[in-house]
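Below: one structure, written as structure tokens.
Sequence positions, counted from 1, serve as the residue numbers for this chain. Any value given below was found using the heavy atoms of this structure, including those in side chains, with hydrogens, waters and symmetry copies removed. All ligand and atom numbering here is 1-based and tracks the order in the structure.
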Amino acid sequence: MTTDIDQLQSELLAAVEGAADLAALEAVRVTALGKQGTVTGLLKTLGALSPEERQTTGPRIHSLREAVTEALATRKGALDREALDARLASETLDMSLPIGGLATGSVHPVSQVMEELAEIFADLGFAVATGPEIEDDWHNFTALNIPETHPARAMHDTFYFDEVDGEGRKMLLRTHTSPVQIRTMVGQKPPIRIIAPGRTYRSDSDATHTPMFHQVEGLVIDRGITMGHLKWTLETFVKAFFERDDIVLRLRPSYFPFTEPSMEVDVGYTRDKSGRRIIGGAEPDGWMEILGSGMVHRKVIEACDLDPNEWQGFAFGCGIDRLAMLKYGIDDLRAFFDGDLRWLRHYGFAALDVPTLAQGVGA
Ligand code: PHE
């Protein structure tokens, strides 16, 4: 009996070791430990043995079963690893292949509008400029002629950091994209034509305000720039953006510390049959404010070490989220930043949907 068991064990262990793949290994397992298996058969004989025989033979049969079980597990681990290595060696993922029938991502309306703005203004000769979202109060306020006492500087409107920067300036989350005007004028020689789209932050939160929102700044600095250039640029931009020619703008006198004169710009809307407001129409039913603008204040030009008698210009600042809502008929601003995939699938854009002055987004 003992030699039978030893013999069986060495046969089975050799078979386990020799199993070339998982299917062969499974066959060995069934031969040994399956219902009709050899080891199972031996275990069944235990009941018929005398107590003395059981004492000597029982432990040997059990250790046989353990040895076979353990060998099977070890071999299975090795074969699994081999199979994985083989797969890794043979399968390659070609990242350049089109995704085909699989679900694809989409471009968020805010990113879409930023790309549209970049395209439209590129056609007008504007470059895209950027600046940091963590600003200092000189670029965000002081250089823009915003006095120390201005309410926009108040703690309850602006997110300040506890730290000051190396020059002792207060650090904050920029409250508008206008500091990019300063960075551009300080950093490069005129003539300047830039737009600066990006994130901005104010301590504000309700159905039409989120603490983080998006703006696009525009800046032109050159010799002999007038409000005529500003008006033409804004009209050309708004018509290209809303993809229709019958758009009327209304310019209202306003006040910003960094422009003089300053004006707010409204776009005319008409109502469709269901009463919905549609941007455009030669005879507007009403007006919606879309941006602030004006001629760059000479103090701002001086703060950037330029001579305001030589260099003039205009600037404008416009809420991107609002532009997206108006153009694509989205009513709740908060949904923009919820990250709800159903919303993104509905309002998202294909990667190539970018309009130019010559061709709208649908072309
Ligand atoms: N920075 C202003 C704002 O956030 C907008 C603006 C920009 C106005 C440039 C005039 C010129 O409200």
Find all atoms of ligand 1 within a distance of less than 4.0 Å from any non-hydrogen atom belonging to Phe258, and give their numbers and elements. 1 (N), 2 (C), 6 (C), 7 (C), 8 (C), 9 (C), 10 (C), 11 (C)
Going by the order shown, which atoms of ligand 1 are within less than 4.0 Å of some heavy atom of Gln215? 3 (C), 4 (O)
Would the Phe258 and His176 ring centres measure less than 6.0 Å apart? yes
Considering only heavy atoms of Arg202, which atoms of ligand 1 have at least one such atom less than 4.0 Å away? 3 (C), 4 (O)
Steps toward salt bridge (charged side-chain N to carboxylate O under 4.0 Å, His left out) verdict (Lys327, Glu243): CA-CA 9 Å; Lys327 179 165 177 179; Glu243 297 172 40; 2.9 Å; yes
Less than 4.0 Å between a side-chain N and a carboxylate O, is that true for Glu260 and Lys299? no
Which option out of Pro179, Gly319, Ala315 puts a heavy atom nearest to atom 11 (C) of ligand 1? Ala315
Under 4.0 Å between a Lys/Arg side-chain N and an Asp/Glu carboxylate O for Asp331 and Arg277? no
Just which atoms of ligand 1 are under 4.0 Å from any heavy atom in Ser178? 1 (N), 7 (C)
Closer than 4.0 Å to some heavy atom of Gln181 - which atoms of ligand 1 meet that? 9 (C)
Ion pair check, Lys76 and Asp80, cut-off under 4.0 Å: yes
Which residue in the set Arg169, Lys170, Arg183 passes salt bridge (Lys or Arg N to Asp or Glu O under 4.0 Å) when paired with Glu135? Arg183
Note: ligand 1 atoms sitting under 4.0 Å from heavy atoms of Gly317 are 5 (C), 6 (C), 7 (C), 9 (C)
Atoms of ligand 1 close to Ser293 [distance to a heavy atom under 4.0 angstrom, numbered from 1]: 8 (C), 10 (C), 11 (C)
